[in-house]
Each structure stands twice: as C-alpha cells, then as structure tokens.
2 protein chains.
Amino acid sequence: MEIASRKAPVTLHDVAREAGVSLATASRALNGSERKVHESYRSRVLDAAARLNYTPNLSAQAVAKGGTNTVALLVADIADPYFSSIAAGVIRASEEAGLVVTMAVTERSTARELELVRALRGQRPRVMILAGSRSSTETDQDALISELQAFEATGGRVVFVSQHELPFETVAIENAEGAKQLARELVALGYRRFAAITGSRTLLTARDRLSGFVEGLAESGIEIPENRIVATEFTRDGGFDGANALLAQGLDDTELIFAVSDVMAVGALSALREAGIVPGEDIAVAGFDDIPTVRDVTPPLSTVNIPLVEVGRRAIALALSTDDTANDTITTTVVLRDSTPSR
Amino acid sequence: MEIASRKAPVTLHDVAREAGVSLATASRALNGSERKVHESYRSRVLDAAARLNYTPNLSAQAVAKGGTNTVALLVADIADPYFSSIAAGVIRASEEAGLVVTMAVTERSTARELELVRALRGQRPRVMILAGSRSSTETDQDALISELQAFEATGGRVVFVSQHELPFETVAIENAEGAKQLARELVALGYRRFAAITGSRTLLTARDRLSGFVEGLAESGIEIPENRIVATEFTRDGGFDGANALLAQGLDDTELIFAVSDVMAVGALSALREAGIVPGEDIAVAGFDDIPTVRDVTPPLSTVNIPLVEVGRRAIALALSTDDTANDTITTTVVLRDSTPSR
DNA sequence: CGCAAGCCGGAGAACGCTTTCCCTGTTACG
DNA sequence: CGTAACAGGGAAAGCGTTCTCCGGCTTGCG
C-alpha cells in the first residue's frame with residue numbers, strides 16, 4: 001500500500017529519453033569519465049538532467065561499478081568530545097575526497113563493535129575507520145580481526161586510531177611519550193607526590209598513558225604509591241568517581257592528580273570542588289587530550305595536546321594512500337595551564 | 001592495476017552454489033521475508049553463508065528493492081556538543097530501527113547545506129534529518145525547500161530539528177517558552193538588570209530564545225537596554241567575544257548576562273574570568289541547552305535543559321511514524337545552578 | 001580513390017540482489 | 001481415487017547503473 005502521490009525517482013533512463021540519446025551516452029555525459037561525448041550531446045543530456053532534477057542513484061552506481069565511495073566510521077561514543085573531534089576530521093577529509101561517511105557507535109562494547117563491523121561490511125565501504133577505545137583482552141578480538149582481514153582481502157582499507165597492537169594500519173598517537181613528557185614537566189614545576197586516575201587496565205590508551213607517566217616520574221626517582229592509582233570508567237563520571245575514591249582514602253600530601261583523559265580530569269575537578277577542595281590551589285590536576293572544554297573549566301587544565309581533528313584527517317589520508325607501510329604517528333605536546341601552578 | 005591478492009567478495013550466488021540451491025531460495029532463506037523455505041533448505045543455506053562468511057551487498061539489495069535503509073543526518077558542526085548529543089540520539093534510535101546513518105556536516109554554511117542535501121539525495125535515504133542552525137533569510141532557502149520536497153515526493157521523509165517555520169515536519173523545541181520561563185525565574189531570584197549575548201538575528205533559534213527571554217522580562221516591566229544586547233557568532237568564541245564587547249562598553253550595573261546557548265555562555269565565562277571578574281559573584285550568567293559540560297564549569301551554569309539525546313530519538317521516531325501531522329514538541333525546563341545565586 | 005585508423009553513439013551484457021511467475025510435488029477432502 | 005488447494009523450489013525478469021563491444025561515420029594518407 002504505497003502512498004498514492006509517491007512518484008518514482010527520476011532515473012538515468014528518463015534523462016536519456018528526455019535528451020533523445022541512449023542510456024550509454026547519458027551515463028557518459030553525466031559521469032563516465034574516459035570516453036568523450038560530443039559537446040552537442042553532452043549539453044543536451046546535462047540540460048535534460050537539470051530539467052528533470054536528476055540525481056544518480058548511488059546504490060545502483062555502486063553495484064554497477066562494484067564498489068562504493070563510502071567511509072564507515074566506528075566510534076565509541078559520539079557525544080564524547082574526544083571522538084566527536086576525531087569524527088569532525090574524518091568527515092571533513094572524507095567530504096574533500098568525495099566520500100560519504102556512514103557512522104556507527106559501539107557504546108564501548110566490543111561485542112557491539114564486532115556486530116557493527118559485520119553489518120558495515122555489507123555496505124562494501126572503501127574504508128573502515130575504527131576509533132573505539134578497544135580493550136586488548138577480549139575473546140571477540142580474534143573474530144574482529146578475521147572479520148577485518150576478510151574485509152581487507154576484498155580490497156577494503158582498515159585504519160585504526162591509536163591501536164598499535166593490532167595487525168592493521170593505524171594513526172598512532174604518542175600516548176606514552178606525551179605522558180612521559182608531561183611527568184617531566186610537572187616534576188620540573190616542583191611536584192613530587194602524585195596520584196592517578198586511570199581507566200580499565202585493559203584499555204590500551206589508558207595503559208600507555210599511565211605507564212608513560214610512571215616512567216617519566218621514575219626518571220626522577222619518583223613513584224606513585226599503588227593505592228594512589230585508581231581505575232574507573234573511562235568517562236567524565238569515571239573521573240568524578242575516581243577523585244572521590246582518592247578523597248575517601250585521604251589525599252594526605254598528594255600534590256597532583258593525573259587523569260589519563262581530559263574528560264576524566266574534568267569530572268575529577270568537579271568532584272574536588274564539591275568536596276570543598278580548590279583545584280589549582282589545594283591540589284593540582286592534569287589531564288590528557290586537550291579537548292576544547294578544558295580551556296573553559298576553572299582553573300584551565302594542564303594537559304597533553306593531541307590535534308584531534310588532524311587525527312581524523314590523517315586516518316583518511318592513511319586509508320587513501322597507496323603505499324602500505326606508511327604508519328603515521330601524531331605528535332603530542334604538553335600544555336601547561338593554571339591547574340598546575342609551579343610550586 | 002589491482003592488487004593481486006584482492007578477492008571478489010562472496011556473493012549470494014556463491015552461497016547458493018555452495019548450498020546446492022537456487023539463488024531465489026538462498027535469498028529467501030537469508031532475508032526474503034514472506035515466503036517460507038523448508039527447514040532443511042534453510043539451514044543448508046545458513047550454514048553455507050556462515051562457512052563463506054557471506055554479507056549481503058547492501059547496495060545491491062537497495063537497487064533490487066528500490067529503497068535503502070539509510071538515514072541521512074545533516075548537522076552544522078559535529079564537534080559542538082549540542083549537535084553531537086542530538087546525533088547520538090539519532091544514531092542510537094536508527095540502529096534500534098535497523099537503519100544505517102550517513103552523516104554530513106554543513107559547517108554552518110547554507111550553500112553547503114544545499115549542496116549536501118542534493119548529494120545525499122543520491123543515496124535514496126529513507127529519512128533525512130536536518131539539524132543545522134538555519135538562517136531564515138537565505139536565497140538558497142527556496143532551492144533547499146524544493147529539493148527537499150522533491151525528495152518527499154519520491155517517498156522520503158524529511159524531519160527538521162527546531163525549525164518550525166519550514167513546511168516540513170519538525171521536532172520543535174520550546175525555545176521561546178523556555179527562555180521566558182528562565183527570565184521569570186531569574187527575576188524571582190532578584191535580578192533586574194540584564195545583558196544578552198545572542199547569535200545572528202537571522203538564526204531562528206537564537207531569535208526565539210532572545211525574544212522569549214525579553215518577553216519574560218517584560219512581564220515584570222524589565223527591559224534589556226538596546227546596547228546591552230550583542231550579536232556575535234553562535235559559537236564558544238562568539239560568546240567569548242560577546243562578553244568582551246559587553247565588558248568594553250562597561251558592565252556598569254548589569255547583574256546578569258544571558259547567552260542564548262551554553263557554548264556561548266561558557267565562552268563568556270572564560271572572557272569574564274580573564275578580565276578578573278568572578279562569574280557567580282561579581283556577575284551572574286545563564287545559558288541555554290544544558291550541554292554536559294556546563295555542570296563542570298565554575299560556577300556550574302544555570303541554563304534551560306533540553307533533553308538533546310531525546311531530541312535525536314524523537315526525530316527518528318517522527319520520521320518513522322505513519323501519521324503525518326504528529327508534530328512533536330520537546331519540553332524544556334529551567335535548571336538553576338550556582339552561576340545565578342539569588343540576590 | 002581506396003583503405004586503415006580514430007572517434008563516438010548505441011545495443012546489450014553485467015553487477016548482486018529481489019520478486020514474480022511457473023511448475024512440480026504433496027496434502028486434504030468429497 | 002480424483003481433483004482442488006497449497007507449499008515451496010527454480011527460472012528469469014527486473015532494479016538503475018556502468019562498460020564492453022560493435023559498427024557507422026569522418027579523417028588522413030598513399
């Protein structure tokens with residue numbers, strides 16, 4: 001039971017008829033690169049197309065050409081500024097390259113991620129970009145890998161964001177190095193007693209950042225006491241909870257809390273403030289990512305900058321590049337702000 | 001010159017052969033609703049599909065069925081939390097309904113928006129959701145409308161977010177009413193002297209919020225002096241600039257600054273603080289939207305809550321609903337926090 | 001003037017599916 | 001036991017494109 005007024009979309013056939021040419025000619029005039037079509041014909045077709053307001057059916061083109069111009073983008077949570085900034089870069093670069101982006105969100109579930117990869121594969125995208133925050137100890141891991149390898153075998157490109165342990169191309173982020181540098185600079189500012197809020201230990205990104213930070217401190221013979229490292233959700237609320245956990249066991253003489261991501265740091269800031277502790281004065285806080293909002297919290301947060309939009313762009317660039325082994329790594333830079341005054 | 005190892009993807013044909021059945025039967029077993037296929041055949045097909053790791057080619061399905069399961073989502077800026085929250089809702093609801101989301105960003109340009117709508121139309125999506133912040137005085141407006149109407153004529157659904165002046169379905173947001181209520185409650189708190197930072201006057205959303213606010217004040221005989229209303233970019237930096245503009249002409253006895261969106265309010269907060277003015281003490285600030293970050297700025301921002309994720313869900317629900325005239329409106333609620341202490 | 005060599009339009013196959021239609025069982029009922 | 005009804009598999013016709021041929025026309029050259 002269709003709605004009566006529903007008209008079938010204009011097809012290339014209609015355009016060809018209107019222009020009085022063959023289907024082939026119409027196709028060539030509108031897209032079909034290579035072969036030339038005589039100017040008189042060409043303009044007849046173009047006019048007809050415009051008159052009828054023709055839009056080529058992308059699905060039909062895809063099936064005829066045996067391939068799409070689609071980028072499938074998988075993120076953990078699009079409302080998280082980390083991912084939305086990366087997505088912005090991916091989308092921008094894709095549009096510049098004439099690619100359409102289809103997007104799905106895993107909601108941080110690896111089961112869901114696998115499911116989505118499988119579904120997305122049906123799209124026959126040119127490129128698949130995975131910017132989840134993956135855990136490394138999953139049983140699904142192997143299934144995911146083989147799914148992706150099957151995809152690559154049919155000519156698709158897979159690019160991960162910050163996932164150097166998987167057998168795929170990745171735009172690597174200097175997580176460990178950045179955190180190490182941050183530790184050094186904080187030590188230089190005079191900090192000696194640290195606590196840390198991290199995500200699940202299986203989260204590669206969280207792990208790299210924490211271990212980089214720890215290493216950086218170790219260079220100066222500083223250690224974070226085991227009980228001053230709390231692991232929570234890798235979210236704003238996780239940061240909030242983490243700070244409270246730290247608070248609950250007594251801050252004692254802790255001078256600085258390092259949260260492995262800015263969203264966590266921001267949550268921690270709020271928790272501290274609610275407890276009547278003034279961040280930046282009573283205790284210092286540092287994060288990682290340099291998401292836009294950290295400039296607007298109080299005090300502005302010291303962090304490690306990742307050019308997130310650029311990360312997204314690079315992912316597309318990597319996917320589109322022809323030479324394989326060009327694994328790309330993004331440089332991070334420490335940004336000190338008022339949340340870590342020098343002591 | 002293809003890469004040598006590139007294998008053609010598994011097709012339904014392959015599955016049928018492997019299972020020793022006809023194409024038709026294979027198709028029916030894997031998707032083809034209606035007709036039953038005998039259990040023995042069905043499982044043969046399913047096994048074969050699993051063995052070959054078959055994924056149906058969505059493009060081919062689309063062309064055969066004459067329609068996709070795609071939602072095209074257009075936003076102004078995916079890195080803006082307002083839009084990314086809405087997008088989260090759209091994506092979530094779409095996935096629940098078995099729809100794939102393709103996304104494009106207009107970067108706040110109406111020319112680009114038109115271009116994208118045209119391009120997206122080629123996808124033959126089931127639904128198109130436009131969550132731009134549209135201006136009303138565009139020459140492109142008519143072109144956009146007719147493009148969208150053409151899309152609807154072929155059976156597509158168009159849903160706008162918060163755009164009640166266009167001849168399309170929309171999930172309406174109580175912008176004016178919410179702002180009016182905010183004004184009332186601020187007056188009740190004891191505020192009398194206001195300033196406002198707004199976006200371009202042609203931006204419907206900004207206009208509605210400002211005029212609602214003004215009306216709300218008028219109920220108590222309060223006016224905002226003309227020179228205390230500054231119009232800037234509808235972004236964080238716009239808010240920052242707006243506050244500085246206000247500062248430049250002297251705050252005098254202004255008690256509260258109303259910014260028509262939270263991102264602007266957050267920018268304003270930073271500008272004030274940089275100028276050595278303590279928001280929440282020296283001057284009050286209120287925003288609109290209740291994006292997640294406003295809970296974490298200092299002081300926490302008073303604002304008008306819009307359930308943004310729900311807005312996205314509703315957009316999909318509206319698009320999928322069969323009865324046309326169900327224009328949906330989202331209720332907003334005032335949330336008072338520390339940025340507007342009672343006087 | 002004859003013929004090879006472009007150029008370029010058109011017919012039609014192909015892409016990977018769905019779906020209609022046909023046709024062969026099988027069941028049920030008088 | 002005859003036949004009508006139905007179940008369900010398979011062949012083949014699409015769906016809207018692209019692309020490979022084919023062939024007619026023009027050109028150019030000996």
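Here is the naming used below: chain letters follow the sequence lines, and residue numbers restart at 1 for every chain. Just so it is clear, the values below take in all heavy atoms, side chains as well, and ignore hydrogens, waters and symmetry mates. For clarity, every value in this text was computed on a predicted model and none was experimentally measured.
Side chains of B:Gln61 and B:Asn31: a donor-acceptor N/O pair is present below 3.5 angstrom, by distance only. A donor and an acceptor atom, one from each side chain of B:Asn53 and A:Arg121, are located under 3.5 Å apart. Inspection of the A:Ser22 and A:Thr25 side chains reveals an N or O donor paired with an N or O acceptor under 3.5 Å.
You'll find the side chain of B:Leu30 reaches within 4.5 Å of the side chain of B:Leu12, heavy atoms only. The shortest distance between side-chain heavy atoms of A:Ile78 and A:Glu107 does not fall below 4.5 Å. The closest side-chain heavy-atom distance from A:Asn57 to A:Thr11 is not below 4.5 Å. Using a 4.5 Å cut-off on side-chain heavy atoms (C-beta onward), B:Val117 and B:Leu130 make contact. With a 4.5 Å cut-off on side-chain heavy atoms, A:Glu169 and A:Val158 do not count as touching. Side-chain contact between A:Arg42 and A:Lys36 is absent, with no heavy atoms from C-beta onward closer than 4.5 Å.
Using a 4.0 Å cut-off, some side-chain N or O of A:Thr25 falls inside it from OP1 or OP2 of C:dG10. Taking only side-chain nitrogens and oxygens, A:Ser22 comes nearer than 4.0 Å to OP1 or OP2 of C:dG10. Contact annotation: B:Asn31 side-chain N/O to C:dC17 OP1/OP2 distance is not under 4.0 Å.
With sequence neighbours left out, the side chain to side chain contact (heavy atoms under 4.5 Å, CB included) criterion links A:Glu95 to A:Ile91, B:Ala104, B:Arg112, B:Leu116. Taking B:Phe160 as the reference, B:Phe168 meet the ring-ring contact (aromatic ring centres under 6.0 Å, His included) condition, with sequence neighbours excluded.
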Sub-3.5 Å pairs of nitrogen or oxygen atoms, protein against nucleotides 20-22 of chain C:
unit_1 : atom_1 : unit_2  : atom_2 : d
C:dT20 : O4     : B:Arg28 : NH1    : 3.4
C:dC21 : N4     : B:Arg35 : NH1    : 3.0

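Rounded to a whole Å, the NZ atom of A:Lys65 is 19 Å from the P atom of C:dC17. In this structure, the CZ atom of A:Arg124 is 12 Å from the C1' atom of C:dC15, given to the nearest Å. Rounded to whole angstrom, the span from the NE2 atom of A:His13 across to the P atom of C:dA11 amounts to 10 Å. At whole-Å resolution of the value, CG in B:Leu58 and P in C:dC17 are 10 Å apart.
Considering all non-hydrogen atoms of both residues, A:Arg126 and A:Thr68 come closest at CG-O, 3.0 Å. The two residues A:Thr102 and B:Thr102 come nearest to each other via the heavy atoms CG2-CG2, 3.8 Å.
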| Could you go step by step and tell me if A:Ser321 and A:Arg157 meet the side-chain contact (heavy atoms from CB on, under 4.5 Å) rule? | CA-CA 10 Å; A:Ser321 79; A:Arg157 304 274 287 194; 3.7 Å; yes

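Counting any heavy atom pair closer than 4.0 Å across all strands shown, B:Ser27 reaches a base atom. Residue A:Pro56 is in sugar-phosphate contact alone, with no base atom involved, counting any heavy-atom pair closer than 4.0 Å across all strands shown.
Rounded to 10 degrees, the angle between the two end axes of the helix from C:dC1-D:dG30 to C:dG30-D:dC1 is 50°, with five pairs used at each end.
Checking C:dG10, C:dT18, C:dG16 against the side-chain heavy atoms of A:Val63 singles out C:dG16 as nearest.
Extent of DNA chain D lying under 4.0 Å from chain B heavy atoms, first and last nucleotide in 5' to 3' order, is D:dG8 to D:dG16.
A heavy atom closer than 4.0 Å to some atom of DNA chain C occurs in A:Lys36, A:Val37, A:His38, A:Tyr41, these being the qualifying members of residues 36-54 of chain A.
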